[in-house]
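Below is one structure, written out as C-alpha cells; the observations come after it.
The figures that follow rest on heavy atoms only: side chains count, while hydrogens, waters and symmetry mates do not. In each ligand, atom 1 is the first atom listed, and ligand 1 is the first ligand listed. Computed from a predicted structure; not experimentally measured.
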Amino acid sequence: MSKLGTPELPLRAAVIGSGPSGFYAAKALVNSDLTVVVDMFDRLPTPYGLVRHGVAPDHQKVKNVIKIFERIAAKPEVSFYGNIEIGNELTIEMLREFYDTVIFCNGMATDKHLGIPGENLHGSYAASEFVAWYNGHPDFKDREFDLSSDTAVVIGQGNVAVDICRILAKTPEELEATDITDYALDALKKSNIKKIYMVGRRGPVQAKFTEVEIRELGTLDSSRPKIDPEQMKLDPLSEEELNDPENKHAPHIMAILKEYTGADEAFDSKGLHILFFRSPKAISGNDKVESIELDKNELEGEPFKLRASKTGDTECIPCGVVFRSVGYRGSPIPGVPYNEELGRIENEDGRVMNGERPDPGIYTAGWIKRGPSGIIGTNRPDSNATILKLLEDVSHLEPCRERDTGQLLRQLTEKEVRYVTYEDWEKVDQEEVRLGQAVGKPREKFSSVESILDFLGKKPPII
Ligand code: NAP
C-alpha cells in the first residue's frame, strides 16, 4: 500500500478555523515534503477569524497580513469551506472518515469572567462582545451597548483594553475612515461617554499592553491619557523587574506612561484615565451599572511573578458602563478533548491528548492550543511547531476511508448546508470593498450570515 503523503496517497488534512493559526498551519503543510490536500473549514461564511473580527477597525495596516493568507488560499492544494458548523453539521466522526488528520485552529471567542457581584447587571459587558460587535461579527450585530452615561470603566490593561478605550475615545471623524460597521459607528456617534478609565490590578511595569498601542493612545484628536504621578512610584520589586537587562519592553512603556503624567488641558474633551493597582471588587446599581468598587492593591511575590494583593483600602468610581477585558477563553467542540479550567483543547505540543495518550491524527494550533497570547505573527511558529509534530507522526497514521472532498460536500448539501467557497468569499470581498469605497471606508462589511447568503444566492454551488 502507498505511503500517506505521496502523490498516490496524498495526506488529507482538515484545518478547522481560518484565522491566522489555520492559515499558517495550511502553509506549513503545503511547504512540507509531503503531497497534501488541505481543506479549511470555518463556522462563518468569511475567512480570517480574528483578523476580520478582532483586529481594531482603525488598524488597517495590521490587516495587510490578509495578503499572505490570500496567497496561501490560492495554492492548488488548499480549499476553503465556510458556513459549516463543526461538531454539528460537520461532526468529528465525519472529519475522521474523510481526513487522515484534523488540525483544530478554531481560536478563542468567549471571555473570562471576573466572578464579582454585579457582573451581570445591564451595562456590564465582555470586551470580546464589544469588539465582535463593532467589527461586524454576525453573532453580535444585534447586541446593544448602553453608552448613555458619561463614564466607562475598562477592566484590564492588555491590548484589547487599549483597543476599547481608543474606540470609545475617538471622535466620529476619526472612526469614519475605518471599516467599523455602520451600526456601531451610529451608536458611537450617539455615545455620551466623556470619561474612560482603564484599570489594571498591577503596576505600570507589569501592564500587558505593548509600546506601539500605548503610544497610539497619546495621539488621538480629542483626548490624551492621564496618569496620577503618584501611581508611577515603584516598589523595590517592580524596580528590579524594570532594571532587569532582559526586560526590553518595560523601560519604553514606562517612558511613554511618564509622558501621560502631565495633564494636557488642550485635550480634555474626553478624559482617558489610566489607573494602576486596582482590582474590581463589585459592580453596583439597581437595575443597571451605577458604580464600580475597586480594591486598592500592592504587589507581592518575586520579580516577574508579582501578584496583586489587597491593601484593605477601596475606591468607588461612579460609572454607567463596565467592560471586562481580562482575557479570552475557548469553547469546547463536541468530541474534542477540552480542558475546562484553561479553556483550551487538551494537548501536548499541539498533539491533542485523549487522557494520557495522543489522539492519533488530531492536532491543534493557535490560541485554542496555547491560550490567548501573542500577536498575529506569533501564530506562525506555533502552527509550524504543531505541523512538525504531525510530520513526525505521519508514518503511523491510518489513512481515512473516504478520500473525496466532493463526497463530503454532497453530504453537507443533503443536510441543506449552504457552504461558502473561497471563490464565493472573493465575490463578497469585492462587494464589501465596493460598498465601502462609496462611503469613504476601506470596506463596508456584510454583518449577517443571511445577507452574505442572499448576496451569493442561497443555492449551494454545483460540485
Ligand atoms: P492580555 O494581554 O492577557 O491582558 C489581560 C489583562 O487582564 C491584563 O492586564 C491582566 O492583568 C488583566 N486581568 C486578568 N484577569 C484579571 C482579573 N481577574 N482582574 C483584573 N484584571 C485581570 O489579554 P488581551 O488584552 O485580551 O489580549 C489577548 C492577546 O491579544 C494579547 O497577546 C494581546 O497582545 C493580543 N492583542 C494584540 C493587539 C495588537 O497587537 N494591537 C490587539 C489586541 C490584542 P495581569 O497582567 O495582572 O494578569
Side-chain angles (χ1 to χ4, degrees), residues 19-21 49-65 107-117 119 124-132 134-135 153-167 197-217 237-238 241 249-250 253 257 274-283 292-301 303-310 322-330 342-344 366-368 370-379 382:
S21 58
L50 272 187
V51 178
R52 180 174 167 94
H53 294 124
V55 171
D58 56 344
H59 280 177
Q60 288 298 312
K61 278 193 189 147
V62 178
K63 296 186 191 227
N64 283 341
V65 69
M108 293 186 158
T110 55
D111 69 298
K112 285 191 197 146
H113 285 248
L114 295 170
I116 59 169
E119 197 170 0
S124 165
Y125 307 115
S128 57
E129 295 172 349
F130 189 58
V131 169
Y134 64 60
N135 274 321
V153 173
V154 181
I155 301 293
Q157 291 186 334
N159 282 333
V160 172
V162 175
D163 280 348
I164 290 181
C165 290
R166 200 179 62 251
I167 295 295
Y197 289 88
M198 180 166 64
V199 179
R201 61 181 169 182
R202 300 190 290 160
V205 177
Q206 294 81 27
K208 288 270 176 67
F209 42 64
T210 44
E211 199 184 326
V212 174
E213 281 65 29
I214 196 65
R215 182 180 291 117
E216 184 186 6
L217 218 46
L237 295 168
S238 294
E241 266 189 25
H249 299 290
I253 293 200
L257 294 177
I274 303 180
L275 274 185
F276 298 106
F277 306 109
R278 305 280 190 279
S279 290
K281 180 181 169 72
I283 302 172
I292 183 164
E293 193 178 1
L294 304 170
D295 277 314
K296 293 189 182 179
N297 298 329
E298 55 195 7
L299 299 182
E300 62 175 33
F304 298 104
K305 290 182 186 162
L306 292 176
R307 294 178 306 277
S309 164
K310 294 175 199 171
V322 173
F323 293 98
R324 56 175 183 275
S325 181
V326 294
Y328 282 65
R329 56 181 285 120
L342 297 174
R344 331 177 178 153
W367 275 12
I368 197 68
R370 70 173 192 275
S373 63
I375 56 171
I376 291 168
T378 313
N379 292 296
D382 183 273

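Here the protein heavy atom with the shortest distance to atom 23 (O) of ligand 1 is G327 CA, 4.2 Å. The single protein non-hydrogen atom nearest to atom 9 (O) of ligand 1 is Q157 N, 2.9 Å, given as residue, atom name and distance. Among protein heavy atoms, the minimum distance from atom 48 (O) of ligand 1 is reached at R201 NH2, 2.8 Å. Of the protein's heavy atoms, K208 NZ, 4.0 Å lies nearest to atom 3 (O) of ligand 1. Summary of contacts: the protein heavy atom closest to atom 26 (O) of ligand 1 is V160 CG2, 3.4 Å. Looking only at heavy atoms of the protein, atom 32 (O) of ligand 1 is closest to G374 N, 2.7 Å. For atom 4 (O) of ligand 1, the closest non-hydrogen atom of the protein is G158 CA, 3.5 Å. Here the protein heavy atom with the shortest distance to atom 38 (C) of ligand 1 is N159 CB, 3.5 Å.
Between the side chains of D295 and S279, not a single donor N or O lies within less than 3.5 Å of an accepting N or O.
For atom 5 (C) of ligand 1, the nearest non-hydrogen atom from the set G54, S325, G377 belongs to S325.
Taking distance alone, with nitrogen or oxygen atoms compared against 3.5 Å, R202 approaches ligand 1 more closely than that limit. Polar contact check, E213 against ligand 1: a nitrogen or oxygen pair lies under 3.5 Å apart. At under 3.5 Å, not a single nitrogen or oxygen of Q206, backbone or side chain, sits near a nitrogen or oxygen of ligand 1.
Residue contact check for ligand 1: S279 places no non-hydrogen atom closer than 4.0 Å to it.
Per-residue contacts place D163 under 4.0 angstrom from the following atoms of ligand 1 (heavy atoms of the residue considered): 42 (C), 43 (C).
In this structure, the side chain of N159 engages the main chain of T210 through a donor-acceptor pair within 3.5 Å.
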